[in-house]
Amino acid sequence: MPDTSTGSMGNTSVPSRRTVLAATAGMTTALALGGTAHAGPDGKHDDRKLRALIARMSLPEKVGQLFVMRVYGHSATAPDQADIDANLKEIGVRTAAELIAKYRVGGIIYFTWAHNTRDPHQIADLSNGIQRASLAQPRGLPVLVSTDQEHGIVCRVGEPATLFPGAMAIGAGGSRADARTLGRVAGQELRALGIRQNYSPVADVNVNPANPVIGVRSFGAEPAAVAGMVAAEVAGYQHSRQLAATAKHFPGHGDTAVDSHYGFPVITHTRGEWNQLDAPPFRAAIRAGIDSIMTAHIMVPALDDSGDPATLSRPILTGILREELGYDGLVVTDSLGMEGVRTKYGDDRVPVLALKAGVDQLLNPPSLDIAWNAVLKAVQDGELTEARLDESILRILRLKAKLRLFDAPYVSQGGVDRNVGTASHLRTADRIAERTTTLLVNADSTLPLSRRSHPKILVVGADPASPSGTTGPPTGVLAAALTELGFTATALSTGTAPSSAAIAKAVEAARAADAVVVGTYNVTASSTQKALVEQLLATGRPVVAVAVRNPYDVAHLPAVRAYLASYSWTDVELRAAARVIAGRVAPRGKLPVPVQQADDPTRVLYPIGHGLSYGRG
């Protein structure tokens with residue numbers, strides 16, 4: 001069935017279930033076993049039928065089922081030539097369909113940079129093309145399509161899909177109901193696109209302000225509060241039993257000063273500290289019925305003193321996660337291309353050791369050929385048993401059955417129109433965002449700004465790239481939102497490291513304005529953003545600063561008389577900040593993390609729970 005919008009083999013009219021069953025060997029096999037291996041109305045699976053499916057699989061098919069792989073291109077069969085070239089270079093195949101035919105992968109992960117997520121209708125077509133390619137194989141099985149849609153600063157699917165505030169913003173809002181609503185609405189939209197496993201929520205407790213990889217991706221620094229938000233969001237995502245949430249990164253990535261993408265973090269918590277700080281959100285996720293948990297490429301000597309990352313640690317994944325916490329759901333690795341898991345062992349050993357540790361899904365290895373063949377050889381040589389593979393494959397198939405992928409693997413274009421980026425969903429995201437904006441400082445009642453006394457506003461500051469590739473730039477979004485609210489606002493991007501010339505230009509423009517709004521982004525002691533703000537203050541114009549990522553920026557700029565935290569620079573959060581600046585809504589957010597003094601981290605400048613409203617200085 002040709003996709004008339006792109007000329008590729010997509011799915012603009014979804015094939016009937018009868019056609020699918022007749023045309024695919026995989027479904028024929030399932031029918032021969034006495035019916036499809038589906039989940040019942042209560043979401044429970046039929047292990048007998050699933051085990052029968054596994055028994056009919058060849059060893060190479062079993063190995064493939066364990067892998068979740070990236071693939072370039074907007075189409076499963078007809079990607080752009082540049083994406084074909086990238087696939088040939090990295091994977092040795094031309095298309096997603098060829099990837100499935102060669103390796104029989106059980107999952108595929110979508111990325112913006114892999115050109116998988118151009119727009120909702122294209123994403124749905126890609127998902128259908130992937131399912132069609134897999135189900136057409138001998139003993140074909142549906143594919144579990146996944147992505148990282150955390151919202152906030154990590155989003156793979158952008159506008160016109162609904163984008164919500166990120167985890168720390170939701171933590172600032174303090175509403176578990178909002179967390180649950182986010183999961184429900186975001187899950188509904190992902191399902192409509194054919195994405196059935198979301199690597200969210202982040203269950204890490206961000207107790208280290210210098211954490212370079214988690215930060216605002218966490219709900220906060222208080223374990224019980226994070227646990228409550230995690231459980232609520234999981235309930236929202238999984239309420240329909242058609243999308244799997246993933247709590248990450250076990251056993252807890254919140255107290256690192258090293259990014260595991262580029263290094264090997266070590267967590268020095270004692271076993272008691274781990275129980276108090278890191279474990280509660282994962283326990284809460286398990287109690288909430290979490291479908292999958294992602295591992296962390298970190299070393300925790302108190303939990304395993306072997307020097308291995310948690311992803312490869314049997315004491316952590318089997319001893320603690322499986323046996324102590326009683327979790328029997330799916331365990332997926334973080335990306336196997338990250339340096340944190342590659343430091344100690346070669347790419348051929350990592351997937352084998354992960355499986356021996358207790359992992360079920362092997363995510364995004366740097367070389368699928370090396371990883372796939374290493375697992376195959378490990379079974380052939382007796383290092384791994386086929387029964388061990390069967391154990392993980394059963395969990396994978398259980399989840400596919402629970403998500404009804406055996407019964408309904410395809411999505412429709414009508415479903416995209418009915419569910420993705422609807423007016424109701426967008427209003428919901430705006431309302432939630434309004435409850436998250438946090439007023440940290442408001443000396444002399446600088447805020448709210450009046451369009452009568454301060455009609456001309458200059459918006460300057462950092463313009464980091466959009467998390468989804470579809471929003472921003474932040475200065476432009478803030479200026480447009482303020483203009484809609486009755487001000488005359490102009491935008492001037494000065495960047496995350498403004499030059500002397502950029503600062504001078506901003507200062508000159510500020511003198512012609514009635515007030516200045518400046519967006520700050522991860523300010524440090526040596527950041528030239530400090531010079532920008534200080535020189536803007538010297539003009540005598542009212543200066544309102546908005547921390548568009550980490551709320552810790554405020555500690556480095558004590559002279560600012562009005563400081564807001566938005567926790568991210570996506571449009572929904574910036575528009576909410578603009579409404580707070582203009583006084584259309586009152587600030588309601590409360591810090592979910594403490595902000596320490598810049599010159600003395602042992603002293604807290606603003607504690608957890610700090611947040612002003614109008615009428616209080």
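What you see is a predicted model; the values in this text were computed from it and never measured.
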Rounded distance [0.5 Å steps], CD in Glu233 versus CD in Gln238: 11.0 Å

Side-chain (Ser335) to main-chain (Gly337) donor-acceptor, under 3.5 angstrom: yes

Any Thr438 side-chain heavy atom under 4.5 Å of Tyr567 side chain: yes

Residues Tyr345, Asp308; criterion side chain to side chain donor-acceptor pair (under 3.5 Å); working and verdict: CA-CA 9 Å; Tyr345 301 100; Asp308 287 344; 2.7 Å; yes

More than 12 heavy atoms of other groups within 6.0 Å of Arg176 CZ: no

Side-chain heavy-atom pair Glu323, Thr318 within 4.5 angstrom cut-off: yes

Salt-bridge present (Glu61, Arg56; N to O < 4.0 Å): no

Nearest heavy atoms of Gln596 and Pro209, plus distance in Å: OE1-CG, 3.3 Å

Main-chain N/O of Val207 paired with Asp255 side-chain donor or acceptor, under 3.5 Å: no

Flag side-chain contact, heavy atom, 4.5 Å: Tyr110 against Leu126: yes

Donor-acceptor contact present, side-chain Asp348 to main-chain Ala374, <3.5 Å: no

Lys/Arg N to Asp/Glu carboxylate O, Asp328 vs Arg395, below 4.0 Å: yes

Residue pair Val226, Met229: steps toward the side-chain contact (heavy atoms from CB on, under 4.5 Å) verdict: CA-CA 5 Å; Val226 173; Met229 292 296 179; 5.9 Å; no

Arg104 side chain to Lys62 backbone, donor-acceptor under 3.5 Å: no

Phe250 and Ile316, any side-chain heavy atoms less than 4.5 Å apart: yes

Nearest atoms (heavy-atom pairs only) where Ile396 meets Asp360: CD1-O, 3.8 Å

His610 (side chain) donor-acceptor with Pro607 (main chain) under 3.5 angstrom: no

Spacing of Asn364 atom CG and Met338 atom CE [to the nearest 0.5 Å]: 10.5 Å

Minimum side-chain heavy-atom gap Cys155-Leu163 below 4.5 Å: yes

Side-chain donor or acceptor of Lys400 paired with backbone N/O of Leu141 under 3.5 Å: no

Validation row: Leu389, Val63 side chains within 4.5 angstrom (heavy atoms): yes

Ion pair check, Glu324 and Arg271, cut-off under 4.0 Å: yes

From CA spacing to verdict: side-chain contact (heavy atoms from CB on, under 4.5 Å), Tyr237, Asp291: CA-CA 10 Å; Tyr237 273 120; Asp291 282 326; over 6 Å; no

Expected output: side-chain Thr436 to main-chain Ala172 donor-acceptor under 3.5 Å: no

Inter-residue atom distance Arg156.CZ - Phe111.CZ, 0.5 Å rounding: 5.5 Å

Under 3.5 Å: donor-acceptor pair, side chain of His151, backbone of Phe164: yes

side-chain contact (heavy atoms from CB on, under 4.5 Å) between Asp334 and His253, intermediate numbers included: CA-CA 12 Å; Asp334 206 342; His253 212 312; 5.7 Å; no

Test side-chain contact (heavy atoms from CB on, under 4.5 Å) applied to Leu59 and Leu376, step by step: CA-CA 8 Å; Leu59 178 57; Leu376 182 68; 3.6 Å; yes

Tyr103 side chain reached by Phe67 side chain, heavy atoms, under 4.5 Å: no

Phe406 to Leu397 - nearest heavy-atom pair and separation: CE1-O, 3.8 Å

Distance-minimising heavy-atom pair for Val105 and Val143: O-CG2, 4.3 Å

From CA spacing to verdict: side chain to side chain donor-acceptor pair (under 3.5 Å), Ser313, Asp304: CA-CA 7 Å; Ser313 169; Asp304 179 2; 2.6 Å; yes

Distance in Å, Leu355 CG paired with Arg388 CZ, rounded so as to fall on 0.5 Å steps: 5.5 Å

Gap between atom CZ of Arg196 and atom CG of Leu144 - 0.5 Å precision: 8.5 Å

Exam field: side chain Lys248 to backbone Tyr199, donor-acceptor pair closer than 3.5 Å: yes

Taking every non-hydrogen atom, the tightest pair across Thr256 and Pro212: O-CD, 3.6 Å

Pairwise side-chain contact, Leu50 with Ile393, heavy-atom cut-off 4.5 Å (strictly under): no

Atom of Leu182, atom of Pro165 and distance for their closest heavy-atom approach: CD1-O, 3.6 Å

Asn275 and Arg283 side chains, donor-acceptor separation under 3.5 Å: yes

Any donor-acceptor pair under 3.5 Å from Asn419 side chain to Arg191 backbone: no

Side chains of Gln197 and Gln361, donor plus acceptor under 3.5 Å: yes

Interatomic spacing from OG1 in Thr117 to CD1 in Ile195 - rounded to 0.5 Å: 8.0 Å

